[in-house]
Undergrad: 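First, the structure itself, so that you have it in front of you.
These values consider heavy atoms only, across backbone and side chains, with no hydrogens, waters or symmetry-generated copies.
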Amino acid sequence: MPRRFALALALAGTSLATSLAADDTSPLDASWSAIERQAHGQTVYWSAWGGDPAINRYIGWVAERMDERHDLEVVHVKVDDIATTISRIVAEQAAGNDAAGTVDLMWINGENFAAMKKRDLLFGPFVRQLPNFSLTAPDDNPEVLTDFTLPTEGYESPWGKAQLTFYHDAERVAEPPRSLSALLSWVREHPGRFTYPLVPNFLGGTFLKQVLLSQVEDPSVLADPASRHDVDAVMAPLWDYLDALHPHLWRQGRHFPSGGPELKRLMGDGELSLAFTFNPAEPAAAVTDHQLPPSTRSYVLEGGTLGNVHFVAIPFNARHKAGAMVLANFLLSPEAQARKQDIDVWGDPSVLDMRRLDADERQAFEGKRHPASPPPEALQRTLPEPHPSWVEALEAQWQARYGDG
């Protein structure tokens, strides 16, 4: 073999070896181009709630895009409660499975994030490496950096917003209650026409938190860990309110819907005249999909309602971390965010800061407001979530008081 050719071959081999080594580097230490090369051909198992057909279709569309652009397979692992997924990861950790986990990406929030972070079950910090994360303008929008008062510290990537929004059939309810005190009066006058989901369903728990915020003497205590306060004393006004409310609920408060989808079905069937959701665009999307009547209207309570950002995270032992990062980055793209916000698709609000987008990208988010959507200015009155520790206390006491029906 000529020496010149042998030298060239050796250099090429060295270059290839260097490239492969770079691609084998941990994603936390790799360039974005190397992360994309690592992700090529991987299968990402994404554990996400599977209870809404519109969300499932959206995730299916995301999977198609990832396959087309990155030869990346996305498997939607549909779950009813992400806590079961966390239990699996805890079991893997206990078994010493530190690199071959069965979950690559998770849709989590609040107390679940707090629990995983406390047990070192999360991979990261990774979010600042995602090119599209800058489109959220995190320095100007701190809500993408905190989850239920806890700093995410780069272990979660935002991908949508939520806010408690009430909706009603305007042909049945001309003037809906605009506060929780007014709601109590309203249900007494219209027994059986309102209810909330069974706790510990997320939406049911959100209603409890909203009531607690409205009834507690000093709402600022809810930003602290519950252990710092007299929990029974703080929550006593909540139980007084619910004791007064329950006899006038649907089925006299002896049975509760399983979650938001059943609550919406009861509205569509005419059994209820007033309901709520944690997605401000859901009523409009449901009208478009013929699940709710055209006379549906939505609003936010006077003084505001609970709101937060929802996130995805990567378990510490995910087998395909690079693929999970590429997927999380795509979820923050203007294309994916605009499609997600479209009420004909899902209607989930975007986390992007429109000032970071060019004119063509912003145009994809613009459109005429649907009559069933709340006024945009209403969604500016957002109340902060309590510390996650309050959720555990709320759920335990609710079960003790009302769990047996």
Undergrad: In residues 45-54, what donor-acceptor pairs under 3.5 Å come from side-chain atoms, sequence neighbours left out?
TA:
| from | atom 1 | to | atom 2 | distance (Å) |
| --- | --- | --- | --- | --- |
| Asp52 | OD1 | Ala54 | N | 2.8 |
| Asp52 | OD1 | Ile55 | N | 3.4 |

Undergrad: Are there over 12 heavy-atom neighbours, none belonging to Glu335, within less than 6.0 Å of that residue's CD?
TA: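 Enclosed: over 12 neighbouring heavy atoms sit under 6.0 Å from CD of Glu335.
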Undergrad: Could you check whether any side-chain heavy atom of Met235 comes within less than 4.5 Å of a side-chain heavy atom of Leu212, counting everything from C-beta outward?
TA: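 Result yes, sub-4.5 Å side-chain heavy-atom pair found.
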Undergrad: What closest approach, in Å, do Phe123 and Pro27 show between heavy atoms, and which atom pair accounts for it?
TA: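 Minimum heavy-atom separation between Phe123 and Pro27: CZ-CB, 4.3 Å.
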Undergrad: Check whether any side-chain N or O of Ser298 sits under 3.5 Å from a backbone N or O of Ala372 as a donor-acceptor pair, and report yes or no.
TA: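 Side chain of Ser298 to backbone of Ala372: a pair is present.
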Undergrad: How many angstroms lie between CG in Asp169 and OH in Tyr167, if you round to the nearest 0.5 Å?
TA: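 Those atoms lie 11.5 Å apart.
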Undergrad: Kindly assign one of parallel, tilted or perpendicular to the pair Trp398 and His246, based on the angle between their ring planes and the thresholds 30° and 60°.
TA: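 Answer is perpendicular, since the angle exceeds 60°.
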Undergrad: Would you say Tyr299 and Pro374 make side-chain contact, with heavy atoms under 4.5 Å?
TA: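 Sidechains of Pro374 and Tyr299: no contact.
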Undergrad: Would you say that Lys117 contacts Leu150 through its side chain, given a criterion of any heavy-atom pair below 4.5 Å between the two side chains?
TA: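 SC-SC contact between Lys117 and Leu150 ruled out.
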Undergrad: Quick one: does Asp104's side chain have a donor or acceptor within less than 3.5 Å of a partner on His320's backbone?
TA: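 Checking the backbone N and O of His320 against the side chain of Asp104, a donor-acceptor pair under 3.5 Å is found.
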Undergrad: I'd like to know if the side chain of Asn201 reaches the main chain of Gly204, judged simply by a donor and an acceptor atom lying under 3.5 Å from each other, with no hydrogens or angles considered.
TA: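 Checked: pair present.
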Undergrad: For the OG atom of Ser333 and the CZ atom of Arg339, what is their distance to the nearest 0.5 Å?
TA: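 Nearest 0.5 Å value for the OG-CZ distance: 11.5 Å.
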Undergrad: Please find the pair of heavy atoms, one from Pro138 and one from Arg128, that lie closest to each other, and give the distance.
TA: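 Closest approach of Pro138 to Arg128: CG-NH1, 3.7 Å.
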Undergrad: Is there a donor-acceptor pair closer than 3.5 Å between any side-chain N or O of Glu92 and the backbone N or O of Thr102?
TA: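 Checked: pair present.
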Undergrad: Looking at Ser87 and Ala83, would you say the former's side chain and the latter's main chain have a donor-acceptor pair under 3.5 Å?
TA: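 Between the backbone of Ala83 and the side chain of Ser87 there is a qualifying donor-acceptor contact (under 3.5 Å).
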Undergrad: Quick check for you: to the nearest 0.5 Å, what is the distance between His190 atom NE2 and His248 atom NE2?
TA: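 Reported value, rounded in 0.5 Å steps: 13.0 Å.
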Undergrad: Answer whether the closest heavy-atom distance between the side chains of Arg193 and Arg172 falls below 4.5 Å.
TA: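 Yes, their side chains come closer than 4.5 Å.
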Undergrad: Between Glu302 and Ser179, do the side chains contain a donor N or O and an acceptor N or O under 3.5 Å apart?
TA: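 Looking only at side-chain atoms, Glu302 and Ser179 do not form any donor-acceptor pair under 3.5 Å.
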Undergrad: State yes or no: are the ring centers of Phe311 and Phe113 separated by less than 6.0 Å?
TA: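 When the ring centroids of Phe311 and Phe113 are compared, they turn out to be at least 6.0 Å apart.
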Undergrad: How long is the straight-line distance from CD of Glu395 back to CG of Leu208, given to the nearest 0.5 Å?
TA: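 Nearest 0.5 Å value for the CG-CD distance: 8.5 Å.
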Undergrad: Would the number of heavy atoms belonging to other residues, nucleotides or ligands and lying under 6.0 Å from CD of Glu175 be above 12?
TA: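 Result for CD/Glu175: open.
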Undergrad: Which heavy atom in Asn279 sits nearest to a heavy atom in Pro349, and how many Å separate them?
TA: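 Taking Asn279 first and Pro349 second, the nearest heavy atoms are OD1-CD, 3.7 Å.
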Undergrad: Within the structure provided, determine whether Ile82 and Met106 are in side-chain contact (heavy-atom separation under 4.5 Å).
TA: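 Ile82 reaches Met106 side chain to side chain.
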Undergrad: Please check: side-chain N/O of Tyr58 versus main-chain N/O of Ala336, any donor-acceptor pairing under 3.5 Å?
TA: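 At least one qualifying donor-acceptor pair exists.
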Undergrad: Heavy atoms, side chains only, cut-off 4.5 Å: are Leu306 and Gln210 in contact?
TA: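 Leu306 reaches Gln210 side chain to side chain.
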Undergrad: Report, as yes or no, whether the 6.0 Å neighbourhood of atom CG on Asp243 holds more than 12 heavy atoms from other residues, nucleotides or ligands.
TA: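 Correct, the count exceeds 12.
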Undergrad: Indicate the atoms forming the closest heavy-atom contact of Trp250 with Phe256, along with that distance.
TA: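 Reported closest heavy-atom pair: CZ3-C, 4.1 Å.
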Undergrad: Let's go through Val173 and Phe194 carefully: what are the C-alpha distance in whole Å and the side-chain angles of both, what is the deciding distance for side chain to side chain contact (heavy atoms under 4.5 Å, CB included) to 0.1 Å, and is it a yes or a no?
TA: CA-CA 12 Å; Val173 183; Phe194 175 79; over 6 Å; no
Undergrad: Looking only at atom types and distance, does a side-chain atom of Trp390 sit under 3.5 Å from a main-chain N or O of Val231, one as donor and one as acceptor?
TA: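 Answer holds: no.
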Undergrad: Could you tell me whether a side-chain N or O of Asp289 sits under 3.5 Å from a main-chain N or O of Ala285, the two making a donor and an acceptor?
TA: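 Side chain of Asp289 to backbone of Ala285: no pair is present.
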Undergrad: Any idea how Phe202 and Phe278 line up, ring-wise: parallel (<30°), tilted (30 to 60°), or perpendicular (>60°)?
TA: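 Perpendicular.
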Undergrad: Indicate yes or no for a side-chain donor-acceptor contact from Asn308 to the backbone of Ala162 under 3.5 Å, with no hydrogens or angles considered.
TA: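 Absent.
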Undergrad: For the residue pair Trp159 and Trp346, does the interplanar ring angle fall in the parallel (under 30°), tilted (30 to 60°) or perpendicular (over 60°) class?
TA: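 Judged by the thresholds at 30° and 60°, the geometry between Trp159 and Trp346 is perpendicular.
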Undergrad: Would Val199 and Leu394 count as a side chain to side chain contact (heavy atoms under 4.5 Å, CB included) if you check the C-alpha gap in whole Å, the side-chain angles of each, and the deciding distance to 0.1 Å?
TA: CA-CA 9 Å; Val199 177; Leu394 280 173; over 6 Å; no
Undergrad: Looking just at side-chain N and O atoms, do Thr152 and Asp147 make a donor-acceptor pair shorter than 3.5 Å?
TA: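 No - no donor-acceptor pair under 3.5 Å links their side chains.
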Undergrad: Do the side chains of Leu105 and Ile314 get nearer than 4.5 Å, heavy atoms only?
TA: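 The answer is yes; the side chains approach within 4.5 Å.
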Undergrad: Does the pair Val345 and Trp61 meet the rule for a side chain to side chain contact (heavy atoms under 4.5 Å, CB included), with working shown?
TA: CA-CA 10 Å; Val345 176; Trp61 172 84; over 6 Å; no
Undergrad: Do you know the tightest heavy-atom contact between Pro225 and Ser389?
TA: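 So the minimum-distance heavy-atom pair works out to CA-OG, 3.4 Å.
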Undergrad: Atom CZ of residue position Arg119 - does it have more than 12 heavy atoms of other residues, nucleotides or ligands inside 6.0 Å?
TA: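 Not buried by this count: 12 neighbours or fewer within 6.0 Å.
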Undergrad: Are any of the side-chain heavy atoms of Pro371 and Arg297 separated by less than 4.5 Å?
TA: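 They are in contact (side-chain heavy atoms under 4.5 Å apart), so the answer is yes.
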Undergrad: Which atoms form the tightest heavy-atom contact between Lys321 and Pro315, and what is the distance?
TA: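 In this case the closest contact between Lys321 and Pro315 is CE-O, 4.3 Å.
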Undergrad: Nearest 0.5 angstrom please: Thr288 OG1 to Ile343 CD1, how far?
TA: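 Result: 3.5 Å between the selected atoms.
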Undergrad: Distance check, rounded to the nearest 0.5 Å: Leu130 atom CG versus Ile35 atom CD1?
TA: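 If we round to the nearest 0.5 Å, Leu130:CG and Ile35:CD1 are 8.0 Å apart.
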Undergrad: Kindly indicate, with the supporting measurements, whether the criterion side chain to side chain contact (heavy atoms under 4.5 Å, CB included) is fulfilled by Phe316 and Met116.
TA: CA-CA 10 Å; Phe316 81 103; Met116 292 192 73; over 6 Å; no
Undergrad: Can you see whether Gln341 engages Ser350 through a side-chain donor-acceptor pair at a distance of less than 3.5 angstrom?
TA: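 The answer is no; no qualifying pair exists.
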Undergrad: Would you confirm whether Asn97, through its side chain, and Ala100, through its main-chain N or O, come within 3.5 Å as a donor-acceptor pair?
TA: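 Judged by distance alone, yes, a pair lies under 3.5 Å.
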Undergrad: Please tell me whether Asp218 and Ser220 have a donor and an acceptor in their side chains that are separated by less than 3.5 angstrom.
TA: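 Checked: Asp218/Ser220 side chains pair up, N/O donor to acceptor below 3.5 Å.
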Undergrad: Compute whether any side-chain donor of one residue and acceptor of the other, for Asp120 and Gln93, lie under 3.5 angstrom apart.
TA: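 Note: Asp120 and Gln93 side chains miss the donor-acceptor criterion.
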Undergrad: Has Gln363 got more than 12 heavy atoms of other residues, nucleotides or ligands less than 6.0 Å from its CD?
TA: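 Not more than 12 within 6.0 Å, no.
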